[in-house]
Amino acid sequence: MPELPEVETTRRGIEPAVSNAVLTDVQVRNPNMRWRTPTRALKKLIGQRIVSLQRRAKYLLLGTESDTILLHLGMSGSLHVLPTQCPPGKHDHLDLEFDHKTLVRFNDPRRFGCCLVLKEPVQQHKLLAGLGPEPLSDEFDGGHLKMLAKGRRVAVKNFIMDGRVVVGVGNIYASEALYRAGIRPGIAAGGVSAVRYSGLATAIKDVLADAIRAGGTTLNDFSQADGKPGYFRHELQVYGREGQPCLSCSEPIRSRFIGQRNSYYCSICQR
DNA sequence: CAAAGGTCCTGCTCGC
DNA sequence: TGCGAGCAGGACCTTT
């Protein structure tokens with residue numbers, strides 16, 4: 001579920017609760033996430049202060065005075081800020097408790113998410129090394145896409161969902177950005193011109209920024225740290241709109257599987 | 001029953 | 001024939 005806007009929305013949502021807070025307890029109810037949650041390593045951090053809260057790609061990084069707690073929400077995860085005595089429900093696999101009687105609760109039905117404890121230097125960890133640029137940074141632009149696309153035959157949609165190319169673009173926003181840029185999702189990445197990549201980079205930045213502004217997209221599981229849904233679902237122009245008229249030309253939106261994932265596009269507006 | 005927002009890993013194919 | 005890069009598919013899980 002959570003793509004970059006949802007993770008960024010979550011980061012902003014938990015920031016008041018964790019920033020400068022002292023970790024007072026850790027509850028691991030089910031460590032069987034994508035990778036086993038390191039209960040002992042987490043418990044060793046009790047008593048430490050959270051000194052930073054960053055997002056890199058779709059990873060949340062809670063910096064303590066010694067180590068960094070890495071969280072990934074996988075496909076169905078969410079974090080909520082709750083009072084400490086709040087009874088846990090189904091799929092509430094992890095609680096991080098802080099002073100001021102608040103806790104951050106990690107709920108993840110599919111358990112594709114993870115929680116790890118990273119030693120410094122964090123950026124050299126296997127999961128973080130080799131990640132492409134942040135899409136909202138100046139480092140990311142059409143020239144970057146054009147350079148990496150040289151000779152690549154993969155569909156441009158798969159190309160922009162590749163974290164080594166650019167991070168944070170998942171299935172929803174890939175379709176949305178390609179629609180905004182007027183590019184068909186199935187064409188080969190290597191065949192897209194520099195001019196069109198420039199437009200695509202801008203479209204990616206715009207759609208992600210718009211989605212963050214709306215608090216992310218809620219389809220099923222996702223909700224913000226305060227439990228409210230994200231409202232970008234109402235602004236999706238193609239994702240999930242198969243058969244409905246294109247908002248620009250009224251042609252019915254089509255869907256097609258590209259690389260195992262459903263893609264949505266307008267056959268008139270996207271070439 | 002199939003499919004759902006992610007992404008790491010394995011193994012195949014292709015071209016040099 | 002061997003090698004590396006690129007690419008497709010499987011794997012991880014539960015819920016609707």
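Worth saying up front: this structure is predicted, and the values here are computed from it rather than measured. Note on naming: letters A, B, ... go to the chains in the order of the sequence lines (proteins, then strands), and numbering restarts at 1 for each one.
- Listed by first then second residue, pairs satisfying salt bridge (Lys or Arg N to Asp or Glu O under 4.0 Å) with a partner in residues 150-174 of chain A read A/D162-A/R164, not counting sequence neighbours.
- The pair A/R180-A/E176 does not count as a salt bridge, with every side-chain nitrogen at least 4.0 angstrom from each carboxylate oxygen.
- Residue-environment remark: NZ (A/K44) stays at or below the threshold of 12 foreign heavy atoms within 6.0 Å.
- Of the residues in residues 108-116 of chain A, those with a non-hydrogen atom less than 4.0 angstrom from any atom of DNA chain C are A/P109, A/R110, A/R111, A/F112.
- A gap of 22 Å separates the P atoms of C/dT1 and B/dG11, to the nearest Å.
- For A/K90, a side-chain nitrogen or oxygen approaches OP1 or OP2 of C/dT15 to under 4.0 Å.
- A/S248 and A/Y179 share no donor-acceptor pair across their side chains, judged by distance under 3.5 Å alone.
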* Structure fact -> Dot-bracket for DNA chain C, 5' to 3', Watson-Crick and G-U pairs with both distances under 3.5 Å, [ ] for crossing pairs, | for partner on another strand, reads .|||||||||||.|||

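- The gap from the P atom of C/dG9 to that of B/dA3 amounts to 14 Å, rounded to the nearest Å.
- Atom CG of A/N32 sits in a crowded spot, with more than 12 heavy atoms from other residues, nucleotides or ligands closer than 6.0 Å.
- As rounded to whole Å, 7 Å separates atom C1' of B/dT7 from atom NE2 of A/H72.
- Between A/Y231 and A/H234, the ring planes lie parallel to each other; the angle is under 30°, not in the 30° to 60° tilted range.
- The distance from atom CZ of A/R241 to atom OH of A/Y265, rounded to the nearest 0.5 Å, is 15.0 Å.
- Protein atom CD of A/E176 is 13 Å distant from nucleotide atom C1' of B/dG5, rounded to whole Å.
- A 4.5 Å side-chain heavy-atom check between A/R55 and A/L4 finds at least one atom pair inside the cut-off.
- Listed by residue number, the members of residues 150-171 of chain A with any heavy atom below 4.0 angstrom from DNA chain C are A/R152, A/R153, A/V154.
- Distance, A/Y173 OH to B/dT7 P: 13 Å, rounded to whole Å.
- Among B/dA4, B/dC8, B/dG6, the nucleotide with an atom closest to any side-chain atom of A/F257 is B/dA4.
- As rounded to whole Å, 11 Å separates atom C1' of C/dC13 from atom CG of A/N30.
- Backbone-only engagement by A/N262 is indicated by non-hydrogen atom pairs under 4.0 Å involving sugar-phosphate atoms exclusively.
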* To do: Please lay out, stage by stage, how A/L178 and A/L200 fare under the test side chain to side chain contact (heavy atoms under 4.5 Å, CB included).
  => CA-CA 7 Å; A/L178 288 163; A/L200 180 55; 3.8 Å; yes

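- With a 4.5 Å cut-off on side-chain heavy atoms, A/I187 and A/R196 count as touching.
- The separation between A/R261 atom CZ and C/dG9 atom C1' is 13 Å, rounded to whole Å.
- Salt bridge annotation for A/E8-A/R11: present, with a cationic side-chain nitrogen under 4.0 angstrom from a carboxylate oxygen.
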Please write out the pairs of protein N or O atoms and N or O atoms of nucleotides 9-12 of chain B separated by less than 3.5 Å, giving the distance to one decimal.
unit_1: B/dC9; atom_1: OP1; unit_2: A/K126; atom_2: NZ; d: 3.1

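- Between A/L127 atom CG and B/dT7 atom P there is a gap of 10 Å when expressed in whole angstrom units.
- Inter-residue side-chain proximity for A/L131 and A/R56 is flagged as met; some heavy-atom pair is nearer than 4.5 Å.
- Phosphate proximity of B/dC8 to A/Y59: present, with a side-chain N or O under 4.0 Å from OP1 or OP2.
- Distance CD (A/Q260) to C1' (B/dA4): 14 Å, rounded to an integer number of Å.
- In this structure, A/R213 pairs ionically with A/D210, as a charged nitrogen and a carboxylate oxygen lie closer than 4.0 Å.
- Contacts between residues 187-194 of chain A and DNA chain C, defined by a heavy-atom separation under 4.0 Å, are absent.
- At least one side-chain nitrogen or oxygen of A/H91 sits closer than 4.0 Å to the OP1 or OP2 atom of C/dT15.
- A salt bridge links A/R29 with A/D95: the closest approach of a Lys/Arg side-chain nitrogen to an acidic carboxylate oxygen falls below 4.0 angstrom.
- The environment of NZ in A/K101 is sparse: at most 12 heavy-atom neighbours from other residues, nucleotides or ligands sit within 6.0 Å.
- Screening A/F106, A/Y59, A/W35, A/F112 for a ring-ring contact (aromatic ring centres under 6.0 Å, His included) involving A/H72 leaves a single residue, A/Y59.
- Separating the P atom of B/dA2 from that of C/dG10 is a span of 14 Å, rounded to the nearest Å.
- Side-chain contact between A/P135 and A/V167: present, with at least one pair of heavy atoms (C-beta onward) separated by less than 4.5 Å.
- Remark: C1' of C/dG10 and CE of A/M75 are 14 Å apart, rounded to the nearest angstrom.
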